[in-house]
Amino acid sequence: MKRFSFSMQKILDIREFTERQAQIELGQAVAEVNRINEELESVAQEKLRMLQINLKSASLNEFLVHENYMKRLELTKERLLEELAAAQLVVDEKREIFAEAMKQRKILSNLKEKQFAQYKKEALVAEDNAVDDLVTSRHGYNKEY
């Protein structure tokens, strides 16, 4: 019997490639969200550190520098929150694309599995028939002599 061949193997290969690409893009988007979250955490820690500084004996100039730095940290935080919202939208979009690619690949994978199961079933039947023919022919061969 001939070897199993899935007629849509090239399409399945393309869909597997598309799924891997979508997974990579999703991973990159998630990495960007994580990077932004780390920056936000860093800004929060820096703000906390700055709030713990005792400014009772500070000069006016030191006080103004401190206030300007706190404002800068707040602006940075706001910018990062906007970036985080945009990055989260990208993650959601990439997740949908990945889910669709996975679904499309799974459809063909399931079809291939079903066809392979059918192929194995037919091969087993053909093998059984061949063995039966061999046994029958030997049995008939022995009766002639």
Side-chain angles (χ1 to χ4, degrees), residues 1-140:
M1 185 167 198
K2 69 177 186 168
R3 230 177 59 178
F4 174 73
S5 174
F6 182 55
S7 62
M8 300 178 78
Q9 185 61 46
K10 288 184 180 183
I11 297 170
L12 178 59
D13 292 342
I14 290 169
R15 288 193 179 168
E16 287 172 344
F17 176 78
T18 302
E19 180 184 6
R20 282 191 303 274
Q21 287 302 111
Q23 186 177 23
I24 289 168
E25 290 175 11
L26 174 60
Q28 290 170 341
V30 168
E32 179 64 11
V33 166
N34 290 338
R35 182 195 65 77
I36 294 169
N37 279 326
E38 287 174 6
E39 280 189 51
L40 278 168
E41 180 65 29
S42 176
V43 167
Q45 288 176 357
E46 183 63 12
K47 281 181 74 174
L48 182 62
R49 188 182 72 78
M50 293 304 289
L51 288 173
Q52 292 173 346
I53 293 176
N54 185 359
L55 294 175
K56 288 181 182 175
S57 62
S59 69
L60 180 60
N61 192 30
E62 289 174 331
F63 182 76
L64 289 176
V65 167
H66 183 269
E67 281 300 307
N68 286 336
Y69 187 60
M70 290 296 286
K71 287 178 185 176
R72 177 73 176 133
L73 287 174
E74 189 61 36
L75 289 173
T76 302
K77 175 184 153 191
E78 289 174 16
R79 179 186 52 83
L80 288 171
L81 287 174
E82 289 173 5
E83 286 180 21
L84 181 62
Q88 193 60 51
L89 289 175
V90 171
V91 166
D92 294 343
E93 176 186 323
K94 298 295 183 184
R95 186 171 283 129
E96 287 177 18
I97 291 170
F98 175 63
E100 182 62 28
M102 192 166 55
K103 183 176 123 185
Q104 294 298 320
R105 191 257 325 143
K106 190 72 173 164
I107 290 169
L108 280 183
S109 292
N110 288 342
L111 179 61
K112 181 179 180 180
E113 289 173 13
K114 286 178 184 176
Q115 286 183 4
F116 184 68
Q118 182 65 30
Y119 167 81
K120 283 175 50 176
K121 190 177 186 182
E122 290 171 2
L124 192 57
V125 167
E127 185 179 320
D128 285 347
N129 288 342
V131 169
D132 287 348
D133 289 346
L134 183 64
V135 168
T136 302
S137 68
R138 280 202 163 182
H139 183 65

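Note that the structure is a prediction, hence the values are computed from the model and not measured. Scope of the values below: all heavy atoms of this structure, side chains included, with no hydrogens, waters or symmetry mates. For reference, positions follow the sequence shown, starting with 1.
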Side chain proximity check, [X] to [Y], heavy atoms < 4.5 angstrom:
X     : Y      : value
Glu39 : Val43  : no
Asn37 : Leu40  : yes
Leu12 : Lys112 : yes
Glu74 : Met70  : no

Distance (rounded to the nearest 0.5 Å) between [X] [atom1] and [Y] [atom2]:
X      : Y      : atom1 : atom2 : value
Leu48  : Leu73  : CG    : CG    : 11.5 Å
Asn110 : Arg105 : CG    : CZ    : 8.0 Å
Leu64  : Leu60  : CG    : CG    : 4.5 Å
Arg20  : Phe17  : CZ    : CZ    : 7.0 Å
Glu16  : Gln23  : CD    : CD    : 12.0 Å
Glu113 : Lys106 : CD    : NZ    : 6.0 Å

Item to check | salt bridge (Lys or Arg N to Asp or Glu O under 4.0 Å) partners of Asp13, counting only residues at least two apart | outcome: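 Here no residue qualifies.
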Checklist entry - Going by atom types alone, do Gln28 and Glu32 pair a side-chain donor with an acceptor below 3.5 Å? => result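 On atom types as modelled, these side chains do not qualify, holding no pair under 3.5 Å.
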Checklist entry - Is the side chain of Gln9 donor-acceptor paired with the backbone N or O of Phe6 at a distance under 3.5 Å, no angle test? => result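 Between the backbone of Phe6 and the side chain of Gln9 there is no qualifying donor-acceptor contact (under 3.5 Å).
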Item to check | Exercise: identify the closest heavy-atom pair between Tyr69 and Glu46 | outcome: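 Minimum heavy-atom separation between Tyr69 and Glu46: OH-OE2, 2.9 Å.
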Next on the checklist: Can you give me the closest heavy-atom contact between Ala29 and Val90, atom names plus distance?
Outcome noted: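 Looks like CB-CG1, 4.0 Å.
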Checklist entry - Yes or no on side-chain contact (heavy atoms from CB on, under 4.5 Å) for Gln104 and Glu100, after CA distance, side-chain angles and deciding distance? => result CA-CA 6 Å; Gln104 294 298 320; Glu100 182 62 28; 2.8 Å; yes
Checklist entry - Would Arg35 and Glu38 pass as an ion pair if we require N to O under 4.0 Å? => result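 Looking at Glu38 together with Arg35, the answer is no, because their closest N to O distance does not fall below 4.0 Å.
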Next on the checklist: I'd like to check the ring-ring contact (aromatic ring centres under 6.0 Å, His included) partners of Phe116; sequence neighbours left out, ordered by chain and number.
Outcome noted: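 Partners of Phe116 by the ring-ring contact (aromatic ring centres under 6.0 Å, His included) criterion, ordered by chain and then number, come out as Phe4.
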Next on the checklist: So, applying side-chain contact (heavy atoms from CB on, under 4.5 Å) with Leu26, which one of Glu93, Gln21, Lys94 is it?
Outcome noted: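 Checked Glu93, Gln21, Lys94 against Leu26; only one passes side-chain contact (heavy atoms from CB on, under 4.5 Å): Lys94.
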Would you be so kind as to tabulate the donor-acceptor pairs closer than 3.5 Å made by side chains of residues 76-85, with sequence neighbours excluded?
from	atom 1	to	atom 2	distance (Å)
Thr76	OG1	Arg72	O	2.8
Arg79	NH1	Glu83	OE2	2.6

